[in-house]
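Taking it in order: structure first as structure tokens, then the write-up.
If you're wondering where the values come from, they're calculated on a predicted model, not measured in any experiment.
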Amino acid sequence: MSMSFFDGKGISLPRLRDELVRQEDSIIFALIERAHVLRNKSIYEDGAVPIKDFKGSFLRYLLQEVEAVHAKARRYTSPDEYPFSANLPSPVLPPIAYPKVLVPNDINYNERLLQIYVNDILPMICREGDDGHYGSAATKDVEALQILSRRIHFGKFVAEAKFNDPAHHSTYVHLIRTGDRAGLMRLLTNQAVEDRLLRRLKRKALVYGQEIDDDTSDPPEGATAMGRTAHLRIPLDVVADMYERFVIPLTKEVEVEYLLGRLEFGEAPVWESEGKGKVNGEGGEGASAS
């Protein structure tokens, strides 16, 4: 994790948004890759793909195996990474001293994300059927789930940044003390930003989702690009619809949950409180536990 949005004096909300914009590209490409393979429902059903000494679905098995390797490589000690599996091995690499920017928490929305992905997102992007390509499908699932998880849990950094905004800090403190979830949700929501996000996603899906042919001739007068075809590898509105229905709401739920526990560690920014003994850690392995 680069932590480019933190300069030692605070979290930059514009830089956080830049990071979220970059994550959009990764999510779109991951969904396009998954859409190449049929839905293959058997890989999500417990026992449908028999696995020795394992009870559960093939996707759960692959997640466990992949995350076990990634855990050894220190992935889940990063404050922006959260595993779907429990009881993972310890890292073989020495720890990294990440800056303290979050208060300690155990918020992990991956189980909800997994259910939404299997039951709602896959039917949106995949053709129905079983082509037997279980390994390819599940591998792409793991990649998509990891990217979506990182995006959703980035809400913690957004929440911390907004909490420390002097213009709204006292309002956040009041809403947290009164346990006003609805009020927090309203204050966190910037509808203009969300509308721009959805428009941007539709444009990206149009560009990234097109197949490019090998025609190297000059485009006809008035054309905007060379080699484009009308065929899209993923339906145009799917990505924006997925964000609007699932990604944005889940991210804001993470933000609200984080804020409701924020005052247990005082009102000061974490990076200021750390040296005073108010905050002993954040994110990392503790927050990553399933």
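V37 and V238 fall into different hydrophobic clusters, where Ile, Leu, Val, Met, Phe, Trp and Tyr residues are linked whenever their side-chain heavy atoms come under 4.5 Å apart, directly or through other members. Taken together through direct or relayed side-chain contacts under 4.5 Å among Ile, Leu, Val, Met, Phe, Trp and Tyr, V21 and F154 form parts of separate hydrophobic clusters. Residues V256 and L263 share a hydrophobic cluster, clusters being chains of Ile/Leu/Val/Met/Phe/Trp/Tyr side chains in contact below 4.5 Å. One hydrophobic cluster holds both V207 and L198 under the rule that ILVMFWY side chains link at heavy-atom gaps under 4.5 Å.
Formation of a donor-acceptor pair under 3.5 Å by the D53 side chain with backbone atoms of I51 is not found in this model. Between the side chain of S149 and the main chain of L145, no donor-acceptor pair closer than 3.5 Å is present. At distances below 3.5 Å, not a single donor-acceptor pair connects side-chain atoms of S78 with backbone N or O atoms of R75. Counting only distance, with no hydrogens or angles, the side chain of T77 and the backbone of R74 share a donor-acceptor pair below 3.5 Å. Judged purely by atom type and a 3.5 angstrom limit, N110 uses its side chain to pair as donor or acceptor with the backbone of P83.
Going from atom CG of N40 over to atom CG of L59 covers 12.0 Å, rounded to the nearest 0.5 Å. With rounding to the nearest 0.5 Å, the separation of NE2 in H70 from CD in E81 is 9.5 Å. Taking CD of E67 as the reference point, atom CG of N87 lies at 12.0 Å (rounded to 0.5 Å). Atom CG of L38 sits about 8.0 Å away from atom SG of C126, to the nearest 0.5 Å. Atom CG of L20 and atom CZ of R15 lie 14.5 Å apart (nearest 0.5 Å). A distance of 12.0 Å separates CG in L260 from CG in N105, rounded to the nearest 0.5 Å.
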What do the steps show when you test H153 against D80 for side chain to side chain contact (heavy atoms under 4.5 Å, CB included), and what is the final call?
CA-CA 7 Å; H153 290 100; D80 66 334; over 6 Å; no
Run V142 and L62 through side chain to side chain contact (heavy atoms under 4.5 Å, CB included) and show every step you take.
CA-CA 8 Å; V142 170; L62 191 61; 4.0 Å; yes
Residue pair R150, E19: steps toward the salt bridge (Lys or Arg N to Asp or Glu O under 4.0 Å) verdict
CA-CA 11 Å; R150 186 167 183 264; E19 172 61 29; 3.0 Å; yes
Under the side chain to side chain contact (heavy atoms under 4.5 Å, CB included) rule, what do Y243 and I27 come out as? Steps first, then yes or no, please.
CA-CA 10 Å; Y243 260 73; I27 290 171; 3.1 Å; yes
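A salt bridge links E194 with K252; the closest basic N to acidic carboxylate O contact falls under 4.0 Å.
You'll find the side chain of L102 reaches within 4.5 Å of the side chain of Y258, heavy atoms only. When side chains are defined from C-beta on, L188 counts as touching L259, because their heavy atoms get closer than 4.5 Å. I11 has its side chain out of reach of N164: every pair of non-hydrogen atoms, C-beta onward, lies at least 4.5 Å apart. Using a 4.5 Å heavy-atom threshold, the side chains of L13 and V158 count as touching. Considering only heavy atoms from C-beta on, L113 stays 4.5 Å or farther from R151 through its side chain. Taking 4.5 Å as the limit, some side-chain heavy atom of I116 sits within range of a side-chain heavy atom of L250. You'll find the side chain of P89 reaches within 4.5 Å of the side chain of K72, heavy atoms only. Using a 4.5 Å heavy-atom cutoff, the side chains of I28 and I32 are in contact.
Listed by chain and residue number, nothing satisfies the side-chain hydrogen bond (donor to acceptor under 3.5 Å, both in side chains) test with E244 (two or more places apart in sequence, or in another chain). Residues forming a ring-ring contact (aromatic ring centres under 6.0 Å, His included) with Y172 (at least two apart in sequence, or on another chain): none. The side-chain hydrogen bond (donor to acceptor under 3.5 Å, both in side chains) search around R60 returns E111, not counting sequence neighbours. Here F6 pairs with W271 under the ring-ring contact (aromatic ring centres under 6.0 Å, His included) rule; sequence neighbours left out. Scanning for ring-ring contact (aromatic ring centres under 6.0 Å, His included) contacts around H169 gives F163, with sequence neighbours left out. Take E45 and apply the salt bridge (Lys or Arg N to Asp or Glu O under 4.0 Å) test, not counting sequence neighbours, and it matches no residue. Taking Y134 as the reference, nothing meets the ring-ring contact (aromatic ring centres under 6.0 Å, His included) condition, with sequence neighbours excluded. Remark: D46 pairs with no residue by the side-chain hydrogen bond (donor to acceptor under 3.5 Å, both in side chains) rule, at least two apart or across chains. Under the rule for a salt bridge (Lys or Arg N to Asp or Glu O under 4.0 Å), the partners of R245 that lie at least two apart in sequence or sit in another chain are D241.
Contact detail for I147 and A30: the closest heavy-atom pair is CD1-CB, 3.9 Å. Shown here for I121 and L148, the closest heavy-atom pair between the two residues is CD1-CD1, 4.4 Å. When all heavy atoms of V118 and P123 are compared, the closest pair comes out as O-CD, 3.7 Å. When all heavy atoms are compared, the tightest approach of A144 to Y117 is CB-OH, 3.8 Å. Nearest heavy atoms, G155 versus E255: O-CG, 3.1 Å. Closest non-hydrogen pair, A240 versus K202, comes out as CB-CG, 3.7 Å.
Sorted by first and then second residue, the salt bridge (Lys or Arg N to Asp or Glu O under 4.0 Å) pairs with a member in residues 157-175 read E160-R262; sequence neighbours excluded. Under the salt bridge (Lys or Arg N to Asp or Glu O under 4.0 Å) criterion, the residue pairs touching residues 23-37 are E24-R200, E24-K204, D25-K204, E33-K140, R34-D141, with sequence neighbours excluded. For residues 118-136, the salt bridge (Lys or Arg N to Asp or Glu O under 4.0 Å) pairs, not counting sequence neighbours, are R39-E128.
A salt bridge (charged side-chain N to carboxylate O under 4.0 Å, His left out) with E253 holds for exactly one of K156, R112, R181; it is R112.
No close placement of the Y76 and Y82 rings is indicated, their centers lying 6.0 Å or farther apart.
Within 6.0 Å of CG in N119 there are more than 12 heavy atoms belonging to other residues, nucleotides or ligands.
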